[in-house]
Number of protein chains: 2
Amino acid sequence: MQYVKIKDAIVEQIESGMLSPRQKLPAERKLAESFDTTRVTLREALSLLEAEGRIYREDRRGWFISPEPLRYDPTQTLNFTNMAIAQNRQPRTDLLSAKGILTTKQAAQLLELQAFSDIYRVDRVRYLEERPVVFVTNFIRPEKFAGLLDLDLAGASLTDIYREKYGVVYAKVKYRVTTTSLLGDVAQALRATSGTPAMMVERINYNQHGELIDCDIEYWRHDAISIESIAQLER
Amino acid sequence: MQYVKIKDAIVEQIESGMLSPRQKLPAERKLAESFDTTRVTLREALSLLEAEGRIYREDRRGWFISPEPLRYDPTQTLNFTNMAIAQNRQPRTDLLSAKGILTTKQAAQLLELQAFSDIYRVDRVRYLEERPVVFVTNFIRPEKFAGLLDLDLAGASLTDIYREKYGVVYAKVKYRVTTTSLLGDVAQALRATSGTPAMMVERINYNQHGELIDCDIEYWRHDAISIESIAQLER
DNA sequence: TAGTGGTCTAGACCACTAT
DNA sequence: TAGTGGTCTAGACCACTAT
C-alpha cells in the first residue's frame, strides 16, 4: 500500500517540524513526482491525511497543514468568540444573512413547530485566523424576540443580544454530533471542495423557563474542532 | 460534477426504499456501467455516500446500506449492551485481549501516569446485528482492581465487574470526540479498509471519590453512531 | 499568463471473497 | 473457480488561482 507509506512520510515531515501549521504543501504534480507515483495515488495519501485531520484543502488553492483544533464544549454557554480568545485564537464572524422565513422540514422538526410556521433564520461563517472553520445556521422562534432582525446582528453575538435585549439566557441544551460532508453553499462559504468530510453539530437550546428558544446547525471543518466536555453522572 | 449526480441517484434509491439497510450494492463494475462511467468516478460517488454515513464498506466485500445509527450518550453510565437493547438493537461484544502492560505514551497521558507504569489493557470489538461497529481499548489503573485479569471479562461488562466485585462506580467522565481514520489492527477488526474515516471517542472516567479509574478509546464506524446528549448549563 | 487543482477516462494486476 | 474490490498507471481537459 504505497499511499500509506506516502502518508507516513508526510506525517513524519509534519511532526519533525519541517512543515508548520497553515503552510501550503507543494503542488500535487510535484509531490507525485517526488514520491515517484501518479496524482491519483498521491491524492489517496492526501485524503488519508485529511481524514486524520492533519491537513485540509482549500478549493482549488491546494493543501495546507492543519493548526491545532479548537476545543469546543457544547455544554458551555461560552460563545465562539470568547471560546476562541480563551484559547489564544483570533476569531471573526461574518453575518451572511438574517431574515424571516417559513420553516423548512428540518427546522420545523428541531423547533417542534408546524410546517410553514414563521421563524427567523440567521446564517453566519466563523473564522479562526482568517480561515473559515464553521458554517452556522440559527433557526429562531420569533415569539420571544420581536424585532430581532432590526438589530445589529453583525456587531454582537446572538447570546449577548438575547440576554441584553430580551432577558433570555440558555439554561439547557440538547446536542447531537455526527459526521457528514460539505456540499453547495456551505462548502463554498468554507472554501471547501464539494464532498469534503465534516462534523455536524446540532444544538437545541432552552431558556431558563425550559422553553425551546432556538436551534443551531453547525458544519465544522473536522480538523478544526475537538469536542470536549465533562459530565457528572447521575445514578 | 458527475459524481454528485450519481450520488444523488443512489440517495434517491435508498430513500425510495428500493435499497434497505444492510443490503449490498451491486458490484462496482456493474454500477459504473449502469451510470455510464468508470470505476474511479463511481468510487468518488460511493466515498461521498460513505462520508455522509449512508453506506459503509466491508473490506473486499463491497458496499452496504447503513442502518440507523445508534444514539450514544457519553454522559450516561449505561453500557453498550444495555444502550443497544434499549434501542431494539442486537449487541454482542468480543473480548480480543486482556493483559497487563507498560503504559504507552498515549495511555500514560490519559491516565496521568509516569511512562512505563504497569496498567491493564483490555481490547474489545462490539457488534450490532453481527456488524462490528466499534473497537474499544480500555486502559485501567490496576491499584483498585487487583486480580481483574483473572475474572471472566468476556462474560460480563466492565462496569458491572467494577461495581459488583470492587464497589467502584463511574461518577464523572471527561470525554473528547474527534474524527480520524481506521488503520491496521483496528481497521481489520472492524472489517474496514485502511483509511476508512471514523469517529474517535476518548473517555476518562472517575469514581465516586473523584479518583481517576480508567480510560477508554473507542474507534467507531462513523455511520453507526450519533452522539447525543443533554446538558444543564451553569451560569 | 503560467500553473494548479477538480474531474474524468480507460485501462491493468492481484489477492481475496463467495460459492 | 469466477468475480470482486484494492490499488495503481498514464494520461486528458478545463476552469480557476496566483502573480
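Here is the naming used below: chain letters follow the sequence lines, and residue numbers restart at 1 for every chain. Treat the numbers as computed from the prediction; the structure is a model and nothing was measured.
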Using distance alone, with no hydrogens and no angle criterion, decide if B:Gln106 and B:Thr104 have a side-chain donor and acceptor under 3.5 Å apart.
no
Kindly check if the number of other-residue, nucleotide or ligand heavy atoms within 6.0 Å of NZ (B:Lys24) is above 12?
yes
When the distance from [atom1] of [X] to [atom2] of [N] is rounded to whole Å, what number comes out?
X	N	atom1	atom2	result
A:Trp63	C:dG5	CH2	P	10 Å
A:Glu44	D:dC8	CD	C1'	9 Å
A:Arg191	C:dG5	CZ	P	17 Å
A:Asp59	D:dA15	CG	C1'	11 Å
B:Met1	C:dG5	CE	P	18 Å
A:Lys5	D:dT7	NZ	P	12 Å
A:Leu46	C:dG6	CG	C1'	13 Å
A:Arg57	D:dT17	CZ	C1'	15 Å

Given [N], is OP1 or OP2 found less than 4.0 Å from the side-chain N or O atoms of [X]?
X	N	answer
B:Thr38	C:dG11	no
B:Thr193	D:dG6	yes
B:Tyr3	C:dC8	no
B:Thr41	C:dT9	yes
A:Thr37	D:dC8	no
B:Arg61	D:dT4	no
B:Gln2	C:dG6	no
A:Arg43	C:dG6	yes

Write down the atom of A:Ala189, the atom of A:Val125, and the distance for their closest heavy-atom approach.
CB-CG2, 3.8 Å
Indicate the atoms forming the closest heavy-atom contact of A:His222 with A:Glu50, along with that distance.
NE2-O, 2.9 Å
Cationic tip of A:Arg131 above A:Phe64 ring, under 6.0 Å, 45° of axis
no
Under the 6.0 Å and 45° cation-pi test, does B:Arg124 pair with B:Phe80?
no
Would you sketch DNA chain D in dot-bracket for me? Only Watson-Crick or G-U wobble pairs with both distances under 3.5 Å count, crossing pairs as [ ], other-strand pairs as |, the rest as dots.
||||||||||||||||||.
Can B:Gln87 and B:Met83 be said to form a side chain to side chain contact (heavy atoms under 4.5 Å, CB included), step by step?
CA-CA 7 Å; B:Gln87 293 177 44; B:Met83 186 166 70; 3.9 Å; yes
Is there a donor and acceptor pair, one atom on the side chain of A:Arg39 and one on the base of C:dG6, closer than 3.5 Å?
yes
Does any residue of residues 18-35 of chain A have a heavy atom under 4.0 Å from DNA chain D, and if so, which ones, in number order?
A:Arg29
Between A:Glu130 and A:Arg22, is there a side-chain N and carboxylate O pair less than 4.0 Å apart?
no
Does this structure show an ion pair linking A:Asp94 with A:Arg92, if we count only N-O contacts that are shorter than 4.0 Å?
yes
Which value, rounded to the nearest 0.5 Å, describes the distance between B:Trp220 atom CH2 and B:Leu190 atom CG?
10.5 Å
